[in-house]
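This report refers to the structure that appears directly beneath it.
In what follows, every chain begins at residue 1, and chains take the letters A, B, ... in the order their sequences are listed. Being a predicted model, the structure only gives us computed values, none of them experimental.
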Number of protein chains: 4
Amino acid sequence: MHDSAPSPRALKKRDQILDTALKVFAREGFAETDVQVIADLAKVGKGTVYRHFGNKRELFLATARHSVEKLSEFLREQVKEGSSSVQILREIATSYARYFELHPESVEIMIQERASFREQVFPTHLMHRAETRNEFETFLNQAMAAGELRQVDVADVTNAFADLLYGSVVSGCLEGAKGSLLQRVDRAIDIFLHGLLPTAQVS
Amino acid sequence: MHDSAPSPRALKKRDQILDTALKVFAREGFAETDVQVIADLAKVGKGTVYRHFGNKRELFLATARHSVEKLSEFLREQVKEGSSSVQILREIATSYARYFELHPESVEIMIQERASFREQVFPTHLMHRAETRNEFETFLNQAMAAGELRQVDVADVTNAFADLLYGSVVSGCLEGAKGSLLQRVDRAIDIFLHGLLPTAQVS
Amino acid sequence: MHDSAPSPRALKKRDQILDTALKVFAREGFAETDVQVIADLAKVGKGTVYRHFGNKRELFLATARHSVEKLSEFLREQVKEGSSSVQILREIATSYARYFELHPESVEIMIQERASFREQVFPTHLMHRAETRNEFETFLNQAMAAGELRQVDVADVTNAFADLLYGSVVSGCLEGAKGSLLQRVDRAIDIFLHGLLPTAQVS
Amino acid sequence: MHDSAPSPRALKKRDQILDTALKVFAREGFAETDVQVIADLAKVGKGTVYRHFGNKRELFLATARHSVEKLSEFLREQVKEGSSSVQILREIATSYARYFELHPESVEIMIQERASFREQVFPTHLMHRAETRNEFETFLNQAMAAGELRQVDVADVTNAFADLLYGSVVSGCLEGAKGSLLQRVDRAIDIFLHGLLPTAQVS
DNA sequence: CATGAATGAGTTTTCATTCAT
DNA sequence: TATGAATGAAAACTCATTCAT
């Protein structure tokens, strides 16, 4: 009837469902997932899942959002202010990799989201979110102004940085991938910072 | 039963189906695709599709393989020998981008393949193919020996290069993406070559 | 998932489906039966049929089992203790025939089961069931000991008796068969008891 | 165009198909049989099968007929005139059993025919065939007239005899059946001849 | 005549979603 | 609110039959 704030009880059940959904969607993929399985593993009735999320699509989207939020949180915790810009750049990348190493299901969710919903839904992936993007570009501008980074179009850097991370994570999590994801990203960032060309660089 | 060589007639029908499948799988995604639709658009009976490919999964995989082969071919045509190593690196990236700009469906197929089949199947994506990989790493080694590129672990460079391209293509093809894919990749490679750090580089 | 006791409601629906399935399988044969038809006639959704029985094969097997159980019950009700052994033998045969005359669909189910599942499944046909068989052979032994029947190998008698009944029922239910099944079985048992050879029997 | 007699070449191919069909129908059952499999095993094109038999149903029926004819032939070869009536009766039963022991596929065909076509088609099973039936009843009449058999309604005897054989063969061929079919039939006929009642019989 | 590629009607089975309890 | 039984739309896949070569 009324639209009061959700009870803590309801919130708990919600999270219980989201956590289960994350595992199942990641393991089976969106299309292959049977909502009944999520309900069973979350120890709730199927009706409850639908009460909370409306339909399978929304359940998935909520799961993806939840996943990105946890990633965001993790990044904020990990990346400390006060370091040099380059250090921060490295820390972002490293934390990003570490997060996905700790939560490989999140990679699958990210991939499933892209595969099943494409442009139709607002892309929840971190670097694409306007807010984060702005924040990041401001950071880049300051670093360039301070002479810590080369003067390059910040949008281009943002794109390249995000694309490199995205590609590394997606490729680095495949069964066959050798070495840790963390290492893969670290090396990639190294090249990204120093470039491939022979040079007499500062840092 | 029989294992005779396929008639040219059969091959033609096969390609007819594959071309249609590419479009439909790209538009709808693997799970959402109804084989009947492919059959209808390819102007063949559904039975014919199954006769040629056995099941939906194999049809998709054949489509993906077909797609990679066309990309491979395109790259070999576009990337001319005789240029400088850096030039070749750029040409690979550019051609790669140009291909996907010409055939945006191929991006979707690549994504769908990763999303629906993961590590279960041999990854057909170009840079993952051992053969291509070896070829590429040999090229890098030569370039480094010639002093055209910095001395870096070739495996790391290959990974980073491939991941950057993959990420750029996947992100750059989304509806919301501004600018052309070609531009996005071009700028990314630029940064990748020169690095982000302030420097007094040669080229 | 859950394994709680089925509710009476569920049991009712189960029986409703089984009764319909008996009719349809008998009329159309196993392979020719469309589960949709059973669902429609049972006034339930097709999903409900599958929820209860898993698949067509299990539905059929459950139907066959159900049918045998009803036959068993009928026989126990009809065949009264206390008569002479010969009388009981006749009563078994007669009741058997009467049952199939009342429920001709059961004959078809029996035939379909043999035709579609052969030795793969435990033969549910009455006389084949070890339990009933032992019971029957004990009865024969007593009758022979009491001098009411000739001394013959009980296993052979059981086989012959069962085979004769089975054959009579299967043949006697065909469209073209003249006379009632009851009569056919009665006459067959008569010959079976007295033999074909000319004789001066006691009766 | 014209309707000339089939060439010996055609007849050979016909038999080749029928022999294969017998095996496949027996192994898979009517509904489960794929005509393509028969064609492959018979080393002819599928079209050829259809040219010769029109459709699957007719192919099966021809197979069943073929099977009965071979049984008939076998019986005529095996059952010698000149023996006593009782001896002939035994020989019919024994030969019948022996035939099915030699050709277990024929049992399955018989069962499949009953299961899939019931009364719809003229029953090809031996004892049901009017011609054979008349012949058999004439034989019984003579035996009774000669005092070799008890005076019983010949139609009843024929039914019982046929039903007993049918039931024995169908039951005796199941995987689990102990002892040989021949033995089972032999013992059954023994009881059938002498009866179950205690007696002072002649033979 | 022989062949086997092509066809599409027909069936099984699944699962998102609803709703009575 | 929570539940899970019921539903039926939707899709994969098969195979009898046809017919162009």
Side-chain angles (χ1 to χ4, degrees), chain A residues 1 6-7 9-10 13 31-40 43-59, chain B residues 1-2 4 6-7 9-10 13-14 17 31-40 42-59, chain C residues 1-2 4 6-7 9-10 13-14 17 31-40 43-57 59, chain D residues 1 6-7 9-10 13 31-40 43-59:
Chain A
M1 294 298 132
S7 71
R9 187 185 263 283
K13 199 154 268 188
E32 290 298 296
T33 290
D34 183 343
V35 175
Q36 182 71 65
V37 171
I38 295 177
D40 289 348
K43 313 234 192 247
V44 299
K46 210 201 296 209
T48 306
V49 176
Y50 276 85
R51 161 174 313 285
H52 279 276
F53 298 95
N55 59 37
K56 190 184 177 183
R57 179 195 170 94
E58 290 306 325
L59 171 59
Chain B
M1 292 297 132
H2 315 280
S4 50
S7 71
R9 183 183 270 284
K13 196 149 272 189
R14 212 189 120 91
I17 294 171
E32 290 300 296
T33 291
D34 182 346
V35 176
Q36 181 71 65
V37 171
I38 295 177
D40 290 350
K43 312 231 190 252
V44 299
K46 191 181 353 192
T48 306
V49 176
Y50 278 92
R51 152 181 276 286
H52 278 274
F53 298 96
N55 59 39
K56 190 184 177 183
R57 178 196 170 94
E58 290 306 323
L59 171 58
Chain C
M1 292 296 132
H2 316 280
S4 51
S7 71
R9 184 182 269 284
K13 197 149 272 189
R14 212 189 121 90
I17 295 171
E32 289 299 298
T33 290
D34 181 346
V35 175
Q36 181 71 66
V37 171
I38 295 177
D40 289 349
K43 311 228 190 255
V44 299
K46 197 184 340 196
T48 306
V49 177
Y50 277 91
R51 152 181 276 286
H52 278 274
F53 298 96
N55 59 39
K56 190 183 176 183
R57 178 197 170 93
L59 171 59
Chain D
M1 294 300 131
S7 71
R9 186 185 264 282
K13 198 153 269 189
E32 291 298 296
T33 290
D34 183 344
V35 175
Q36 181 70 65
V37 170
I38 295 177
D40 289 347
K43 314 232 190 246
V44 299
K46 209 199 299 208
T48 306
V49 175
Y50 276 86
R51 161 173 312 287
H52 278 276
F53 299 96
N55 59 37
K56 190 184 177 182
R57 179 195 171 94
E58 290 306 324
L59 171 58

Position toward the 5' end of DNA chain E (nearest nucleotide), C/E32 or C/G54: C/E32
Shortest side-chain distance from A/K56, nucleotide among E/dT17, E/dT7, F/dA12: E/dT17
Whole-Å gap separating C1' (F/dA12) and CD (B/E58): 14 Å
C/I38 CD1 to F/dT7 C1', straight-line distance once rounded to whole Å: 17 Å
d(NZ, B/K43; P, E/dT7) in whole Å: 12 Å
Separation of F/dA9 P from C/Y50 OH (nearest whole Å): 16 Å
Heavy-atom pair with the smallest gap, counting every atom of B/I17 and B/A42: CA-CB, 4.2 Å
Minimum-distance pair of heavy atoms, taken over all atoms of A/N55 and A/Y50: CA-CE2, 3.7 Å
Closest non-hydrogen atom pair between B/I38 and B/T33, with its separation: CD1-CG2, 3.7 Å
Any C/R51 side-chain nitrogen or oxygen under 4.0 Å from OP1 or OP2 of F/dA5: yes
d(CG, D/D40; P, E/dA2) in whole Å: 17 Å
Nearest-angstrom distance from the residue atom CZ of B/F53 to C1' of F/dC13: 16 Å
Stems formed with participation of DNA chain F [Watson-Crick or G-U wobble, under 3.5 Å, three or more pairs]: E:2-21 with F:2-21
Atom-pair distance (CG on C/D34; P on E/dG10), nearest Å: 10 Å
Whole-Å distance separating the CG atom of D/N55 from the P atom of F/dT18: 8 Å
Atom CD of C/E32 with >12 non-hydrogen neighbours under 6.0 angstrom: no
Minimum heavy-atom distance between D/E58 and D/F53, given as atom pair plus value: CB-O, 3.0 Å
Nearest heavy atoms of B/A31 and A/A31, plus distance in Å: CB-CB, 3.1 Å
Side-chain N or O of C/K13 closer than 4.0 Å to phosphate OP1/OP2 of F/dA6: yes
Most 5' of C/T33 and D/G47 on DNA chain E, judged by nearest nucleotide: D/G47
F/dT1 OP1/OP2 closer than 4.0 Å to side-chain N/O of A/H52: no
Residue closer to the 5' end of DNA chain F, B/A31 versus C/V44 (nearest nucleotide): C/V44
Sugar-phosphate only, base, or nothing, as touched by C/K46 at under 4.0 Å among non-hydrogen atoms: base
